[in-house]
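Each ligand, and each atom within it, is numbered from 1 in the order the structure gives. Since the model is a prediction, treat every value here as computed from it, not as a measurement.
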Amino acid sequence: MSEIKKSGFVAIIGRPNVGKSTLLNSLVGEKVSITSPKPQTTRWQILGIKTLPHTQIIYIDTPGLHREEKRAMNRYMNRIANAVILDADVIVFMIDATSWRGEDELVLMKLQEAQKPIILAINKIDLVNDKADLLPLIDKLKDKLRFTHIIPISAMKAENTDELEEVIAKLLPEGPQLYPDDQVTDKNIRFQVAEIIREKLIHVTEEELPYTTTVEIEQYAPGEKLTEISAVIWVEREGQKIIVIGKKGVKLKKIGMQARREIEKLIGNKVFLRLWVKVKANWTDDDKALRNLGYE
Ligand SMILES: Nc1nc2c(ncn2[C@@H]2O[C@H](COP(=O)(O)OP(=O)(O)OP(=O)(O)O)[C@@H](O)[C@H]2O)c(=O)[nH]1
Ligand SMILES: [Mg+2]
């Protein structure tokens with residue numbers, strides 16, 4: 001019989017690149033959401049489920065809220081984050097201790113209407129030498145929004161994250177267990193595989209590639225000794241295709257190798273991974289193309 005007495009949804013909200021996905025992974029203790037040094041990495045809402053002895057915390061990673069809304073995909077990403085703010089029981093408003101930007105201000109304004117507990121998590125404190133430097137920012141924010149707690153953390157080094165979890169657990173309402181003990185995310189293997197490939201793509205191409213790529217799994221065939229996977233990397237222009245493939249195919253090979261290793265760890269089987277790069281013009285601004293690629 002389940003011992004769970006409290007459960008609820010905790011939205012991790014903030015502008016791009018503050019470390020939301022890194023925090024989700026750290027709190028759950030497993031990598032369920034991809035991360036990168038580039039903004040606008042997360043494009044979906046992704047659940048990270050943490051089952052404690054008496055409490056089940058369901059964290060929701062969200063796309064970073066941002067200003068640029070010219071493309072349908074950007075509107076879609078912001079819509080997700082806005083919906084999650086409305087649905088969650090508790091909000092973790094995440095900022096970067098090293099930089100406050102206009103987009104943080106934007107998030108702050110959105111949260112003003114939220115009638116629920118909001119925790120301010122000031123991330124990346126491992127980069128701050130003198131913690132007293134945070135005080136002016138904290139003072140300014142305190143005047144703008146009522147926070148139940150203000151917690152400086154390092155998601156990357158797991159500093160103060162236990163304290164954050166404790167505070168969150170206390171704020172959750174009474175409720176039943178919503179997911180089985182051993183489930184850590186709501187996303188299926190195909191989704192996770194596509195995301196791992198996209199993460200390696202972002203890392204390997206670094207500054208060269210704009211945010212207009214996506215990954216589609218065409219075939220996923222599990223076998224006893226080998227799982228065969230074919231995936232398409234969609235780009236918007238021929239020039240981007242050349243960047244992804246690289247000289248003599250070096251980049252694509254690197255992406256494939258790094259992705260394969262991580263997928264093998266995830267599924268516990270050998271993987272044969274085929275990657276294709278294809279061009280679909282302006283898919284990030286085409287509602288129909290977005291739906292076909294899984295952006296509902
Ligand atoms: N030094 C330091 N870097 C961090 C910390 N947390 C995250 N980062 C780095 O910040 C970058 C962005 O992290 P993500 O977790 O992808 O950020 P995000 O908020 O999910 O970004 P989007 O999905 O684009 O909204 C990555 O390079 C992380 O390694 C931290 O506590 N300290
Ligand atoms: Mg993210």
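Looking at Leu127 next to ligand 1, no N or O pair under 3.5 Å apart turns up. Between Pro63 and ligand 1, not a single N/O pair is under 3.5 Å apart. Looking at ligand 1, you won't find any N or O of Asp61 less than 3.5 Å from one of its N or O atoms.
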Check the pair Arg274, Glu228 against side chain to side chain contact (heavy atoms under 4.5 Å, CB included), reporting the backbone distance first and the verdict last.
-> CA-CA 8 Å; Arg274 273 188 220 90; Glu228 283 188 52; 3.2 Å; yes
Check step by step if side-chain hydrogen bond (donor to acceptor under 3.5 Å, both in side chains) holds for Gln56 and Thr51.
-> CA-CA 4 Å; Gln56 189 165 61; Thr51 306; 2.9 Å; yes
Run the salt bridge (Lys or Arg N to Asp or Glu O under 4.0 Å) check on Lys31 and Glu199 step by step: do they pass?
-> CA-CA 12 Å; Lys31 179 168 162 185; Glu199 182 184 71; 2.4 Å; yes
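Scanning the protein heavy atoms around atom 29 (O) of ligand 1, the nearest turns out to be Met156 SD, 4.1 Å. The shortest contact between atom 27 (O) of ligand 1 and any protein heavy atom is with Pro37 CA, 3.4 Å. Nearest protein heavy-atom contact of atom 28 (C) of ligand 1 is Thr22 OG1, 3.9 Å. Counting protein heavy atoms only, atom 12 (C) of ligand 1 is closest to Asn17 OD1, 3.0 Å. Protein heavy atom at the shortest distance from atom 1 (N) of ligand 1 is Asp126 OD2, 2.9 Å. Looking from atom 8 (N) of ligand 1 to the surrounding protein, the closest heavy atom is Lys124 CE, 3.7 Å. The shortest contact between atom 17 (O) of ligand 1 and any protein heavy atom is with Gly19 N, 3.1 Å.
Between the side chains of Ser154 and Glu159, not a single donor N or O lies within less than 3.5 Å of an accepting N or O. Defined by atom type and a distance below 3.5 Å, a donor-acceptor pair is present between the side-chain atoms of Asn74 and Gln40.
A perpendicular orientation is assigned to the rings of Tyr76 and Tyr295, their planes being inclined by more than 60° (bins at 30° and 60°).
For the side-chain contact (heavy atoms from CB on, under 4.5 Å) criterion with Leu141, the lone passing option out of Asp139, Leu137, Asp143 is Leu137.
Here Ile153 has no heavy atoms under 4.0 Å from ligand 1, in either its backbone or its side chain. At a heavy-atom distance under 4.0 Å, atoms from both the backbone and the side chain of Lys20 approach ligand 1. When heavy-atom distances to ligand 1 are checked against a 4.0 Å cut-off, Thr42 comes that close through both its backbone and its side chain. Only the backbone of Ser36 comes within 4.0 Å of ligand 1, counting heavy atoms alone; no side-chain atom from C-beta on gets that close.
Heavy-atom separations between Pro39 and ligand 1 include at least one value shorter than 4.0 Å.
Short contacts between ligand 1 and Gly64, defined as distances under 4.0 Å to a heavy atom of the residue, involve ligand atoms 25 (O). Heavy-atom contacts of Gln40 reach the following atoms of ligand 1: 24 (O) (cutoff under 4.0 Å).
For Lys247, the NZ atom counts as loosely surrounded, since its 6.0 Å shell holds 12 or fewer non-hydrogen atoms of other residues, nucleotides or ligands. More than 12 heavy atoms of other shown residues, nucleotides or ligands fall within 6.0 angstrom of atom NZ in Lys131.
For the residue pair Ser99 and Asp104, the shortest heavy atom distance occurs at O-OD2, 3.8 Å. Between Thr161 and Leu27 the shortest heavy-atom distance is O-CD2, 3.8 Å.
For the Mg ion (ligand 2), the N/O/S atoms of Thr42 include one lying under 2.8 Å. Inclusion of Thr41 in the first shell of the Mg ion (ligand 2) is not supported: no N, O or S atom falls under 2.8 Å.
For Glu262 and Lys265, the salt-bridge test fails: no basic side-chain N is under 4.0 Å from an acidic carboxylate O.
The closest non-hydrogen atom to atom 6 (N) of ligand 1, taken over Ile46, Asn123, Ile12, comes from Asn123.
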